[in-house]
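Computation of the quantities below employed the complete heavy-atom set of this structure, encompassing side-chain atoms and omitting hydrogens, waters and symmetry-equivalent molecules.
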Amino acid sequence: MNTSTYRPHINGARPHFPCRVLLLLLVFVFAGGAQAQGPKATIRFNSTTRVFRIDTPRTSYIMGINEANEVQNLYWGGRLPDSDQFAAAKSMPGAASFDPPMTTTPVEYAGWGGMLYVEPSLKVSFPDGNRDLVLQYVSHKIDGDQLSIVMKDISREVYVTLYYRPDGETGILRRSAEVENRTDTAITIEQVSAATWNLPRGTDYRLRYLTGRWAGEWTVQEQPVHPGKTVLESRRGTTGAQNNPWFAIDYEGENDSERGGVWFGGLGWSGSWQISVEQDMLQQVRVNGGPNSFDFAYHLPKGGKFGTPAFCAGYSDQGIGGASRLLHRYEIDTLLPGAPKPKLRPVLYNSWEATGFDVNEVGQMALAEKAASIGIERFVMDDGWFGQRKDDRAGLGDWYVNSQKFPHGLKPLIEKVHSLGMDFGLWVEPEMVNPDSDLYHKHPDWVLNFTGRPRTEGRNQLVLNLARPDVRAYVYEFLDKLLTENDIAFLKWDYNRNWSEPGWPAAPLDEQKDVYVDFIHNLYGILAELKAKHPNVEIESCSGGGSRVDLGIMHLTDEVWPSDNTDAYDRLSIQNGFTYAYAPGVMMAWVTDSPSWANQRSLSLEYRFLSSMQGSLGIGSNLNKWSSEDFATAKKMIGQYKTVRETVQRGELYRLITPEHGSEQSVTESVARDGHEAVVFAFLHSSNELYPYPRVHLEGLDRNANYRIEVLDGRVSGETPSRASGAYWMDRGIDLDLQGDFRAMAFRVERVNANQ
Ligand code: DGJ
């Protein structure tokens with residue numbers, strides 16, 4: 001993605017077309033990152049039957065152009081042999097006069113028009129009052145690993161290009177669409193999907209999705225797919241923790257966590273979004289996803305193009321476990337900055353839970369010394385270093401160093417951190433402003449607002465309207481200056497409230513709702529420009545925890561903060577839900593103080609470490625209160641983490657026992673990509689009625705290879721052999737010596753040669 005050619009106009013109104021159109025094209029559709037080396041996908045078109053086949057080693061996706069010139073889905077699932085030929089597509093029969101073929105046929109992308117009653121992929125209105133849009137196939141192009149299909153309305157010059165890019169390694173298909181207005185006037189897009197996914201017709205479907213709230217994010221929900229529509233969404237201007245833009249659908253009766261077919265996907269959009277799952281009158285299931293149509297309108301000028309975000313989806317025949325492993329692999333190999341080899345996450349220290357806003361040069365330096373002594377690699381200063389920031393009531397927007405707290409600027413602290421062998425990171429919240437700030441006093445019109453209406457505050461702050469070119473320029477420039485003048489390796493990019501009063505009074509009336517789109521692609525544009533100019537700077541997407549995690553932001557940030565709740569027991573379920581959709585390697589997990597602020601629960605330091613070691617390890621404790629024993633334990637466990645982090649962060653995750661449905665246990669296993677080791681973390685809430693801990697059966701090992709066991713922390717039962725075959729560890733399993741309340745242990749098995 002390259003946005004560096006774009007220079008916004010410095011005022012509150014919109015830049016004029018064609019500048020804007022260029023911006024849309026450059027920023028809006030994420031480019032999909034690196035193309036991993038690996039098995040190839042093939043895309044073929046049979047001109048006789050007019051059938052498209054997209055095959056990967058794991059999957060087949062088949063579409064045809066039917067007699068109504070609609071692009072119709074014919075199959076999506078496991079790989080079919082080439083010898084299986086598909087006849088020309090034929091529309092579904094209608095169901096009486098009420099549900100004609102137009103509504104029953106599983107098309108790839110439906111305009112709202114005619115007798116379409118299912119969720120449309122695109123709805124537009126024309127200035128003459130027409131709101132009817134019927135899309136038909138025009139042409140297609142196969143260009144390397146990308147298929148594009150052009151469609152057009154039956155009479156108006158509105159074109160839609162559908163893009164399909166399969167990933168050979170995972171079978172995940174990245175889809176997006178581009179709407180082009182070749183009419184003589186502007187049109188308004190009222191609803192637009194990145195893609196419509198059609199599942200095979202069936203009844204016994206189960207939907208999984210993720211819900212949450214602040215400090216209670218990432219709960220896995222399961223429900224049968226019923227006739228009608230279920231809508232997952234955010235109307236908050238941002239991704240939100242209440243729903244996450246991810247879904248998985250399988251057959252309820254047949255599957256377990258490692259077996260059976262699962263269709264799954266994630267939407268790459270960090271603004272208001274929606275994914276609808278709809279079972280129609282013929283028991284066909286469609287999944288539609290894109291920017292939320294609630295309060296939505298996008299003004300597309302004559303000649304303008306609108307690129308949707310990407311919606312990536314795949315199929316696994318290895319249950320929900322296999323589905324999440326495919327997504328993790330896709331994220332690591334193609335999506336994350338630095339893909340296919342994104343950098344491993346360093347072990348970081350952050351004093352937020354220890355000091356709150358009370359940061360200063362002396363205090364941070366003292367903590368940095370202590371952090372360095374236990375093997376920390378990155379020292380991050382959190383909120384409170386800038387403007388007149390003493391608490392959350394003032395200072396946001398004024399990005400100068402607070403001279404009482406840092407009389408010599410940031411440089412002495414940064415140099416000290418470097419001299420201790422760590423790199424330096426800094427907290428920012430660029431899209432926000434406190435009314436009590438110089439910035440707001442100077443530019444009260446820079447926030448989202450409706451003229452003459454209240455400006456609702458959340459955490460005493462307002463949302464800057466990043467859609468405005470002048471706000472975009474301000475945000476980019478202060479961040480660029482900060483990174484240019486200081487040796488900063490990492491930004492923790494926070495975002496601590498959702499939108500209210502999403503008005504943009506400076507824009508022309510018919511363009512004011514474009515804020516839903518322009519805000520987000522300006523955010524993406526800033527991130528992309530910063531990454532291009534400061535390629536070594538890493539960024540964390542932190543939004544109070546879990547509120548801005550999606551495949552769109554993941555393309556531009558190196559890690560995310562899943563929750564402000566750092567209670568190590570609560571984290572087991574939070575992290576469990578997170579990994580259904582996102583790779584453990586991007587999931588920051590801090591060890592913090594006990595009892596935890598969240599539940600006043602006391603947990604041993606070892607338990608807290610083992611919980612956090614399942615993701616990217618950080619320390620957030622008040623090191624000033626640690627005993628020498630705590631330092632020794634932390635140093636040992638950070639050392640252990642470094643030896644297994646590549647496997648944890650980049651490996652294949654198996655949820656051996658999930659902490660769902662009130663389970664007393666939780667066990668995860670990460671298998672190295674090259675299979676040389678597997679790392680297991682096991683947790684017990686409470687022993688009951690003398691029951692032993694369930695026997696743990698490993699997964700993903702080579703049955704015929706030998707593995708040596710090494711206990712990292714805790715105990716296995718006395719009968720455990722020191723080495724055994726993969727078959728033994730998987731089939732016979734291993735007994736763990738875990739009894740009591742809030743106990744944890746970890747071990748790894750390492751492949752050895754027969755004579756080792
Ligand atoms: C919310 C974040 O999630 C916390 O980690 C911390 O950075 C605070 N904001 C700072 O205001």
Side-chain angles (χ1 to χ4, degrees), residues 36 38 169-170 258 318 321-322 324-333 336 338-348 375 377 558-559 562 571-572 575-576 578-580 582-589 591 606 609-618 636-657 666-683 696-703 705-714 716 723-726 729-730 734 736 744-753 756:
E169 178 72 32
T170 59
E258 292 298 329
Q318 286 169 21
S324 38
R325 285 191 293 280
L326 290 175
L327 257 178
H328 298 170
R329 193 174 269 235
Y330 184 71
E331 289 156 9
I332 293 166
D333 289 358
L336 280 167
K341 289 247 170 285
K343 284 198 199 126
L344 289 177
R345 301 294 80 226
V347 180
L348 66 74
E377 296 160 316
D558 304 82
E559 61 186 50
R571 271 291 181 128
L572 298 181
Q575 295 176 175
N576 172 69
F578 180 96
T579 61
Y580 274 74
Y582 305 106
V586 300
M587 176 179 77
M588 293 310 297
V591 173
E606 287 83 352
F609 259 99
L610 294 177
S611 171
S612 296
M613 283 162 70
Q614 294 173 103
S616 281
L617 180 63
K636 182 186 93 191
M637 298 192 83
I638 289 172
Q640 283 173 342
Y641 178 72
K642 288 176 183 170
T643 68
V644 297
R645 80 171 131 190
E646 177 146 15
T647 299
V648 170
Q649 294 185 13
R650 303 281 175 255
E652 303 277 318
L653 178 72
Y654 293 85
R655 294 180 207 92
L656 301 186
I657 304 180
S666 168
V667 184
T668 63
E669 177 196 5
S670 303
V671 181
R673 280 272 187 107
D674 65 3
H676 84 278
E677 69 169 359
V679 185
V680 177
F681 296 93
F683 302 85
V696 171
H697 295 269
L698 302 196
E699 298 258 10
L701 304 183
D702 177 349
R703 298 186 67 75
N706 279 313
Y707 296 84
R708 175 173 57 206
I709 185 166
E710 181 195 354
V711 174
L712 299 173
D713 200 81
V716 291
R723 49 182 288 175
S725 67
W729 299 123
M730 294 194 291
I734 174 166
L736 309 182
M745 65 114 22
F747 65 92
R748 71 168 163 175
V749 294
E750 187 188 8
R751 196 170 51 203
V752 286
N753 295 330
Q756 267 183 305

For [X], side-chain hydrogen bond (donor to acceptor under 3.5 Å, both in side chains) partners two or more places apart:
X      : answer
Ser612 : none
Ser611 : none
Ser666 : none
Arg345 : Glu538, Glu559

Please find the pair of heavy atoms, one from [X] and one from [Y], that lie closest to each other, and give the distance.
X      : Y      : result
Arg751 : Gly675 : NH1-O, 3.5 Å
Ser324 : Tyr580 : CB-O, 3.2 Å
Met587 : Pro562 : CG-CG, 3.6 Å
Glu331 : Ala583 : OE1-N, 2.8 Å
Arg748 : Leu712 : N-CG, 4.5 Å
Gly322 : Glu258 : N-OE1, 4.3 Å

Once rounded to the nearest 0.5 Å, what's the spacing between atom [atom1] of [X] and atom [atom2] of [Y]?
X      : Y      : atom1 : atom2 : answer
Thr643 : Glu710 : OG1   : CD    : 7.0 Å
Leu653 : His328 : CG    : NE2   : 6.0 Å
Leu336 : Lys343 : CG    : NZ    : 12.5 Å
Met745 : Asp713 : CE    : CG    : 7.5 Å
Thr668 : Phe683 : OG1   : CZ    : 6.5 Å
Leu610 : Leu617 : CG    : CG    : 10.0 Å

Who pairs with [X] by side-chain contact (heavy atoms from CB on, under 4.5 Å), at least two apart in sequence or on another chain?
X      : value
His697 : Arg695
Thr647 : Ser670, Ala672, His676, Glu677, Val679
Gln318 : Ser316, Arg325
Thr170 : Asp167, Ile172, Leu326, Arg329, Tyr330

- ring pair (Phe, Tyr, Trp, His ring centres under 6.0 Å) against Tyr707, all qualifying residues, sequence neighbours excluded: none
- Phe681: partners by ring pair (Phe, Tyr, Trp, His ring centres under 6.0 Å), with sequence neighbours left out: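 For Phe681 there are no ring pair (Phe, Tyr, Trp, His ring centres under 6.0 Å) partners, ignoring immediate neighbours.
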- Of all residues at least two apart in sequence or in a different chain, which pass the salt bridge (Lys or Arg N to Asp or Glu O under 4.0 Å) check with Arg703?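 With sequence neighbours excluded, Arg703 shows a salt bridge (Lys or Arg N to Asp or Glu O under 4.0 Å) to Asp731, given in chain and number order.
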- Item | salt bridge (Lys or Arg N to Asp or Glu O under 4.0 Å) partners for Lys341, two or more places apart | none
Within the distance-only criterion (no hydrogens, no angle test), does the side chain of [X] pair as donor or acceptor with the backbone N or O of [Y] below 3.5 angstrom?
X      : Y      : result
Glu377 : Pro346 : no
Glu669 : Glu699 : yes
Ser616 : Gly585 : yes
Arg655 : Thr579 : yes
Trp729 : Ile734 : no

- Item | Over 12 foreign heavy atoms within 6.0 Å of CD, Glu646 | no
- Is it true that Arg673 and Glu169 make a salt bridge, defined as a side-chain N closer than 4.0 Å to a carboxylate O? no
